2 protein chains.
Amino acid sequence: MTARHEEIADELRRAIDREEYTVGGLLPAETDLAAHYGVSRGTVRQAVASLTAEGLIGSRQGARRVVLAGRRSQSFAELRSFAQWAQTRGREASGEVVGQRYRPATQEDSVRLQLEPGTTVLHVLRVRGLDGEPVLLERTVYADWISPAVAAIEPGCPSVTQRLYETTGLVFAYGEHVIDAVAAGARDARLLGVRRTSPLLRVRRVTTTREGRPVEWSDDRYRSDAVSFSVHNSIGNNALARKTAG
Amino acid sequence: MTARHEEIADELRRAIDREEYTVGGLLPAETDLAAHYGVSRGTVRQAVASLTAEGLIGSRQGARRVVLAGRRSQSFAELRSFAQWAQTRGREASGEVVGQRYRPATQEDSVRLQLEPGTTVLHVLRVRGLDGEPVLLERTVYADWISPAVAAIEPGCPSVTQRLYETTGLVFAYGEHVIDAVAAGARDARLLGVRRTSPLLRVRRVTTTREGRPVEWSDDRYRSDAVSFSVHNSIGNNALARKTAG
DNA sequence: AAGTGGTCTAGACCACAGT
DNA sequence: CTGTGGTCTAGACCACTTT
């Protein structure tokens, strides 16, 4: 059962894709859309709000809404796991566990995962590839309560997120990503097949359950010749902030 | 004149900062908040929607809203210029134009700025610093219609965005940022005071007016030991996507 | 002056969570 | 079953843009 406002949002997205509404052009007025779809103005506003959040359209009080962008990449506004993301790109994701061991939680681990210091956590080092080529090195620390489920996964599993959903029902939800650049160390270079000191894009992230309980934190290093990040944002609606080190 | 729902959103943010609502704890029900603030439920929903968009709270149908994060950095959800951002951090922003010249728009320029190929655009190379230390190298291309206002700015102006707002009324609005890592070239290294091949965080961005008209595009290279990016996101509401090169 | 989006209300019904 | 958030309506008034 899909909400009516989502159906309308989808229809508008498709209309923009079809260039029925062209970039730089105007959307119909709220009252016209409401009449056209046979709903109230409030429902139309819910629909266009999601397009605005995606950066597809802009709006100013008193003037008609403007189409800002077209050619949406499928499900742009949805955070996906590496494997899911690869799939929408038509690429094949692979993964291989290179190292895995239990350790007592450091101060940093305990803060990020909201555990008692010394709790046993699981460190996993994974190389992940696109169409067989290594592009990402994941150093992940899992909280104690999820570690058994992670350790039970075979080393070559292409989608850990998917597997954890199947085995535990866990849905990964909210997270913060801190992005910077680092030089490849000797081990990074060997595992990713690049030269030492090559620039890598580093993303440190914490993943939590929908309830806000931390599940894992990870230091991900991407080959910058293979992957980049894209952040869409607008004044009054975005999720980007610069951050100083330290 | 501030909207009531924004006032309520601010009060809730402050209450979270004060730890009146603790991380992991529950927010009061919508109807309770509505009664407390003397507004309708719809207005409360507008308020909590903005906290949700900021990743501060999470919600699931049927259950009370959960506080996901506290310790907000001031105006987290607002995209700011380099100078404005530095100011909120209590750092002093500086800027120095290293090179500036007019060139005919290349194919890339004309696509990104939506101009005719061959239109004269303004290229500016700026070094920007925090507390006197260089941290960012900006290679910016300005559209022809804004170039005169940019060229009139003195080379050491700390905030180009602020100046352009004062002189032209222009408000920078929507943009897309593509983030990756590059090795410092000889010139990058000299201007930023780092070694050659040091990893730099590169952000390529297009800035437009509120109406969606492109104003400038820029290749920004940050010293990764000085600055990183932070992206907040949640399932169903985020602005992050990985992107393959090419 | 007319059109349009932004805000707010009061009430209704439903789907899902927790008991 | 009760509480809670998600959806939707119908109407009102205001602020801003456009003509």
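Being a predicted model, the structure only gives us computed values, none of them experimental. A, B, ... follow the sequence lines: proteins, then strands. Residue 1 opens every chain.
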Rounded to whole Å, how long is the line connecting atom [atom1] of [X] with atom [atom2] of [N]?
X: A:Arg64; N: C:dA2; atom1: CZ; atom2: P; value: 18 Å
X: B:Ile8; N: C:dT7; atom1: CD1; atom2: P; value: 12 Å
X: B:Gln61; N: C:dC16; atom1: CD; atom2: C1'; value: 5 Å
X: B:Tyr37; N: C:dT7; atom1: OH; atom2: C1'; value: 18 Å

**OP:** Verify the distance criterion only: is there a donor paired with an acceptor across the side chains of B:Ser147 and B:Asp144 at less than 3.5 Å?
**Re:**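 No, no side-chain donor-acceptor pair sits under 3.5 Å.
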Subject >> B:Thr140 side chain to B:Glu216 side chain, donor-acceptor N/O pair below 3.5 angstrom >> reply: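 Distance-only check fails for B:Thr140 and B:Glu216.
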Original post:
With a 4.0 Å cut-off on heavy atoms, is B:Arg45 in touch with a base, just the backbone sugar-phosphate, or nothing at all?
Top reply: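 Base, at least one base atom sits under 4.0 Å.
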**OP:** Please name all residues satisfying side-chain hydrogen bond (donor to acceptor under 3.5 Å, both in side chains) with B:Asp10, sequence neighbours left out, ordered by chain then number.
**Re:**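 Checked B:Asp10 against side-chain hydrogen bond (donor to acceptor under 3.5 Å, both in side chains); matches are B:Arg13.
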Original post:
Salt bridge between B:Arg14 and B:Glu20, side-chain N to carboxylate O under 4.0 Å?
Top reply: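 No.
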Original post:
From D:dT17, D:dG6, C:dG5, pick the nucleotide closest to the side chain of A:Glu30?
Top reply: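 My answer, after comparing the listed nucleotides, is C:dG5.
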**OP:** Measure from the side-chain N and O atoms of B:Thr119 to the backbone N and O of B:Leu115, and report whether any donor-acceptor pair falls under 3.5 Å.
**Re:**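 Flag not set: sc B:Thr119 to bb B:Leu115 has no pair under 3.5 Å.
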Going by atom type alone, with no hydrogens or angles, which donor-acceptor pairs under 3.5 Å involve a side-chain atom of residues 34-41 of chain A and a protein atom two or more places apart or on another chain?
from, atom 1, to, atom 2, distance (Å)
A:Ser40, OG, A:Gly42, N, 3.4
A:Arg41, NE, A:Glu30, OE1, 2.5
A:Arg41, NH2, A:Glu30, OE1, 3.1

**OP:** Would you give a per-nucleotide map of nucleotides 8-13 of chain D, 5' to 3', where B means the base has a protein non-hydrogen atom under 4.0 Å away, S means only the sugar-phosphate does, and - means neither?
**Re:** SB--B-
